[in-house]
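Have a look at the structure below, then the notes.
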Amino acid sequence: MNVTILTCMRRAQELKNSDSARLDVELLLAHIFDKDRSYLYTWPEKCLTEDQQEQFESLLGERLKGKPIAHLLGHREFWGLSFEVDASTLIPRPDTETLVEAALSLSLPIEAKVIDLGTGTGAIAMALASEKPSWHLLAVDHSQAAVNLAQRNQQRLQLSNVIVQSSDWFNDIEDSGYHLIVSNPPYIDKNDPHLAQGDVRFEPLTALVAEDEGLADIRHILHQGRQYLLPYGWLMLEHGYRQGAAVFQLFEEFGYQQVKTLQDFGYNDRVTMGQFVG
Ligand SMILES: C[S@@+](CC[C@H](N)C(=O)[O-])C[C@H]1O[C@@H](n2cnc3c(N)ncnc32)[C@H](O)[C@@H]1O
């Protein structure tokens, strides 16, 4: 029997554990044909070759086991840019675009110096660098595999205003005098039941989990960040949707001013920022 695009699309009903089953199958097929999704609707009767059928069965099988679509495709879009992803770090999330938007809305000098701590794929740093070619971005991660991944993304996206290097938070950052520090650090409590659900099961705990109910890395960054900021420099952190009040209080405890918490597209507290007057 001929296996067509349409018959494959109908296999979405097998993906009972996914809340985006139809989209998942479309993305897998578009990947196999190396076309965008509109191709599938234009040519529903097109037959898959034997190789394509094997590839489809293998990818669908992996998806049935819960493997994230981004890992199966090898990339994920963030801020309109395509990022290579792998198991070394977090798959970029749409919520993080709230932080990018907030950073871009600040009035910073043309040649602002900016750090992205825990850069992962490089999503935040590259998004900022693509919008502000004259900013100087330093993107760091403690995972060498994540640093390698972010470097590949930087080269593919041809963003010459980003330097990616390895560092355990600020430990290997040599200079100071930054206008802005941004970070989406690990902030999930180790007992959070979400860790056993969905895509996060395939992401490393070192990218997700922090001590002290998820606040340990946030506290560390707020504490150390003050030495790296210029007077009136900004620090901006992504956090969990229930951590808004606690993170706001930490910003104030560490002496930051003009503190505010911003909500993501789902109206959840997501980003808190403050200015270090010095
Ligand atoms: C939540 S992920 C965010 C990744 C990326 N910035 C994003 O928004 O998609 C946190 C990142 O922090 C990194 N990280 C964890 N502990 C770190 C540390 N001590 N120093 C530097 N990076 C760290 C992890 O490797 C991971 O890439």
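Read the numbers this way: they start at 1 and go in the same order the structure lists the ligands and their atoms. Below, all heavy atoms of this structure are taken into account, side chains as well, without hydrogens, waters or symmetry copies.
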Are any of the heavy atoms in Thr121 under 4.0 Å away from ligand 1? no
Thr96 neighbourhood, listing ligand 1 atoms whose heavy-atom distance to it stays under 4.0 Å: 8 (O)
One residue to check: Asp217. Relative to ligand 1, which of side chain, backbone, both or neither has a non-hydrogen atom less than 4.0 Å away? neither
Neighbour count >12 (heavy atoms, 6.0 Å) for atom CD, Gln249: no
Checking contacts here: is it the side chain or the backbone of Ala146 that comes within 4.0 Å of ligand 1, counting heavy atoms only? Could be both or neither. neither
Name the closest protein heavy atom to atom 16 (N) of ligand 1, giving the residue it belongs to and the distance to 0.1 Å. His142 NE2, 3.3 Å
I'd like to check which ligand 1 atoms, numbered from 1 as shown, lie under 4.0 Å from a non-hydrogen atom of Thr89. 26 (C), 27 (O)
Please determine whether any non-hydrogen atom of Pro204 lies less than 4.0 Å from an atom of ligand 1. no
Using a 4.0 Å heavy-atom cut-off, say whether Ser88 meets ligand 1 through its side chain, its backbone, both or neither. neither
For atom 12 (O) of ligand 1, which protein heavy atom lies nearest, and how many Å away is it? Gly118 CA, 3.3 Å
Taking the six-membered ring for Trp, are Tyr241 and His194 parallel (under 30°), tilted (30 to 60°) or perpendicular (over 60°)? perpendicular
Among Asp141, Asp116, Ile91, which residue places a heavy atom closest to atom 13 (C) of ligand 1? Asp141
